[in-house]
Amino acid sequence: MLDQLENKLIEIEQNHNSRLDRCSEKIKLCQILTIELRGHYLEHKFSSLDDEINFFKKIKPRLFSELYFQLQVFEYYKLRPKGSLKAKKIFLNNCLDKASALISEHCEFRNYHLMNATHLDQHYFIKQEFNPVLHGGLKFPSDPEFSSPADPTLSCLIAAERCVQFIKNELYELKNPNLDPSWEFMKFLDWKGSKTDLVELIYSLHAANMLTSDLKHTFQLAEKAFNIDIGNFYRIYSDIKLKKNPTNLLDSLKTAFLEKMEKEIHEN
């Protein structure tokens with residue numbers, strides 16, 4: 001279903017010129033897929049706890065965060081002022097404050113997510129009764145029959161972080177009206193991995209002397225190119241150094257690339 005989502009999002013992006021039309025079509029797509037996902041969930045049982053955790057930690061948030069993000073972007077395009085530059089800046093900064101406030105409200109759980117932690121997954125991503133003691137810092141699920149305690153909060157956080165970067169891009173456009181037209185398409189080039197993955201990749205490229213810019217500038221460019229707010233990249237790098245395996249992304253990239261080539265060789 002996630003492959004279907006990604007393919008359809010690309011198709012919508014290519015076939016609709018109007019920003020509002022694109023958002024509207026993406027919202028319709030996500031609504032259809034969320035209904036399908038809910039039906040599939042209610043009709044099937046997980047074969048293991050790991051499968052259930054993966055569903056509520058990876059699969060469901062990817063779909064629901066896309067829906068929440070597109071709803072917020074649609075609302076933005078409908079409400080943004082057409083007046084003075086000052087009015088537009090005030091509106092954008094208010095939008096930025098709103099999205100940032102949600103992220104700050106759930107900063108403890110956000111840190112758990114950013115660290116790719118797993119030690120509390122059975123409390124967060126297994127369907128169970130919402131416990132105010134264990135889950136007090138999370139949003140109460142609006143659909144308990146189809147939720148773990150934490151996946152609604154995770155979906156909202158992912159959407160909010162994408163909104164923050166989207167609004168920053170809009171502010172950047174406002175301050176730079178003569179941008180190359182290709183910038184419009186870059187806004188929809190999203191990084192699907194974690195922030196830790198991106199930090200690992202950029203530091204690796206720098207360690208191999210494959211990039212000419214300094215680290216700070218590279219991360220600024222990456223944030224704009226991939227629509228992601230990385231935050232304190234040095235702190236994330238410091239955390240990576242403490243991991244038992246600090247090259248998770250590089251290992252998975254090597255494996256994926258070799259598997260792709262082997263598959264293509266056999267197909268030919």
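Model, not experiment: these values are computed from the prediction.
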Margin query: Is there a side-chain contact (heavy atoms from CB on, under 4.5 Å) between Leu157 and His113? Walk through the geometry before answering.
Written below: CA-CA 10 Å; Leu157 274 174; His113 169 61; 5.8 Å; no
Next item on the list: Go through the steps to decide whether Leu37 and Phe146 satisfy the test side-chain contact (heavy atoms from CB on, under 4.5 Å), and finish with yes or no.
Entry: CA-CA 10 Å; Leu37 187 67; Phe146 180 44; 4.1 Å; yes
Checklist line | Leu138 reachable from Leu134 in the ILVMFWY side-chain graph, under 4.5 Å edges | finding: no
Check: Can any side-chain N or O of His135 pair as donor or acceptor with the backbone N or O of Ala150 at less than 3.5 Å?
Finding: no
Item checked: Heavy-atom check, side chain of Leu114 versus side chain of Ser194, under 4.5 Å -> no
Notebook entry, point to check: Quick one: do Ile228 and Leu211 end up in the same hydrophobic cluster if we chain Ile, Leu, Val, Met, Phe, Trp and Tyr together by side-chain heavy atoms under 4.5 Å apart?
Noted result: yes
Notebook entry, point to check: If we only count heavy atoms from C-beta on, is the Lys139 to Cys156 side-chain gap below 4.5 Å?
Noted result: yes
Margin query: Please give me the minimum heavy-atom distance between Cys30 and Glu66, naming the atom from each residue.
Written below: SG-CG, 3.6 Å
Check: Is a side-chain donor or acceptor of Gln72 paired with a backbone partner of Ala160 at a separation under 3.5 angstrom?
Finding: no
Note to self: If hydrophobic residues (ILVMFWY) are linked whenever their side-chain heavy atoms come closer than 4.5 Å, directly or via other members, who joins Met261 in its cluster?
What the structure shows: Phe257, Leu258
Check: Taking the six-membered ring of Tyr77, is NZ or CZ of Arg19 closer than 6.0 Å to its centre and within 45° of its axis?
Finding: no
Margin query: Between Ser24 and Leu20 (side chain of the first, backbone of the second, donor and acceptor by atom type, cut-off under 3.5 Å), is there such a pair?
Written below: no
Notebook entry, point to check: Under 3.5 Å, is there a donor-acceptor pair linking the side chains of Thr153 and Asp151?
Noted result: no
Note to self: As an exercise, state the distance from NE2 of His106 to CG of Asn111, rounded to the nearest 0.5 Å.
What the structure shows: 13.0 Å
Notebook entry, point to check: Out of curiosity, Gln220 CD to Asp214 CG, how far, rounded to the nearest 0.5 Å?
Noted result: 8.0 Å
Checklist line | Sidechain-backbone polar pair: Thr247 side chain, Leu250 backbone, donor-acceptor under 3.5 Å | finding: no
Checklist line | Parallel, tilted or perpendicular: rings of Phe56 and Tyr41 (30°, 60°) | finding: perpendicular
Next item on the list: Check the pair Cys23 / Val73 against side-chain contact (heavy atoms from CB on, under 4.5 Å), numbers first and verdict last.
Entry: CA-CA 7 Å; Cys23 282; Val73 172; 3.3 Å; yes
Next item on the list: Could you go through the side chain to side chain donor-acceptor pair (under 3.5 Å) check for Asn245 and Asn248 one step at a time?
Entry: CA-CA 6 Å; Asn245 178 16; Asn248 285 328; 2.9 Å; yes
Item checked: Sequence-distant partners of Glu145, side-chain contact (heavy atoms from CB on, under 4.5 Å), two or more places apart -> Arg38, Leu42, Asp143
Notebook entry, point to check: Under 6.0 Å from the six-membered ring centre of Tyr203 and within 45° of its axis: does the NZ or CZ of Lys241 meet both?
Noted result: no
Margin query: Using 0.5 Å steps for rounding, measure from the NE2 atom of His44 to the CG atom of Asp51.
Written below: 12.5 Å
Checklist line | Validation row, ring centre Phe109 to ring centre Tyr124 under 6.0 Å | finding: yes
Check: Considering all heavy atoms of both residues, which atom of Ile167 and which atom of Leu96 are nearest to each other, and what is their separation?
Finding: CD1-N, 3.7 Å
Note to self: With a sphere of 6.0 Å drawn around NZ of Lys195, does it hold more than 12 non-hydrogen atoms of other residues, nucleotides or ligands?
What the structure shows: yes
Next item on the list: Taking Glu200 for its side chain and Leu249 for its backbone only, find out whether a donor-acceptor pair lies under 3.5 Å.
Entry: yes
Next item on the list: Assess the side chains of Gln165 and Glu161: does a donor N or O sit below 3.5 Å from an acceptor N or O?
Entry: no
Next item on the list: Take atom NZ of Lys8 as the centre, draw a 6.0 Å sphere, and report whether it contains more than 12 heavy atoms from other residues, nucleotides or ligands.
Entry: no
Check: Would Leu201 and Met115 show up in the same hydrophobic cluster when neighbours are defined by side-chain heavy atoms closer than 4.5 Å?
Finding: no
Note to self: Could you tell me if Asp121 and Tyr112 have a donor-acceptor pair between their side chains, going purely by distance under 3.5 Å?
What the structure shows: yes
Note to self: Looking at every heavy atom in both Ser148 and Pro141, which two are closest together, and how far apart are they?
What the structure shows: O-CG, 3.8 Å
Next item on the list: Indicate yes or no: at least one non-hydrogen side-chain atom of Leu154 is less than 4.5 angstrom from one of Ile158.
Entry: yes
Check: If we ignore angles and hydrogens, is there a donor and acceptor under 3.5 Å between the side chains of Glu170 and Tyr76?
Finding: yes
Margin query: Below 30° counts as parallel, above 60° as perpendicular, anything between as tilted: where do the rings of Phe130 and Phe140 land?
Written below: perpendicular
Check: Is Phe69 reachable from Ile10 through a run of I, L, V, M, F, W or Y residues, each pair having side-chain heavy atoms under 4.5 Å apart?
Finding: no
Notebook entry, point to check: Do the side-chain N and O atoms of Lys89 and Ser84 include a donor-acceptor pair separated by under 3.5 angstrom?
Noted result: no
Margin query: Is any side-chain heavy atom of Phe91 closer than 4.5 Å to one of Leu79?
Written below: yes
Note to self: Quick check: do Glu13 and Arg22 have side-chain heavy atoms less than 4.5 Å from each other?
What the structure shows: yes
Item checked: Ile32 with Leu5, same ILVMFWY side-chain cluster at under 4.5 Å -> no
Item checked: Stepwise side-chain contact (heavy atoms from CB on, under 4.5 Å) check, Glu11 with Asn7 -> CA-CA 6 Å; Glu11 186 179 312; Asn7 292 335; over 6 Å; no
Check: Roughly how far, to the nearest 0.5 Å, is NZ of Lys216 from CG of Leu221?
Finding: 12.5 Å
Check: Side chains of Asn116 and Lys243: closer than 4.5 Å at any heavy-atom pair?
Finding: yes
Note to self: For a 4.5 angstrom cut-off between non-hydrogen side-chain atoms, does Ser155 reach Lys60?
What the structure shows: no
Next item on the list: May I ask you to decide whether Lys263 forms a salt bridge with Glu259, counting only side-chain N to carboxylate O separations under 4.0 Å?
Entry: no
Next item on the list: Taking the side chain as every heavy atom from C-beta outward, state whether Ser100 and Val164 have any atom pair closer than 4.5 Å.
Entry: yes
Margin query: Check Glu52 with Lys127, please: is the shortest side-chain N to carboxylate O separation under 4.0 Å?
Written below: no
Check: What distance separates Asn54 CG from Ile59 CD1, expressed to the nearest 0.5 Å?
Finding: 5.0 Å
Margin query: Nearest 0.5 angstrom please: Tyr68 OH to Leu63 CG, how far?
Written below: 9.5 Å
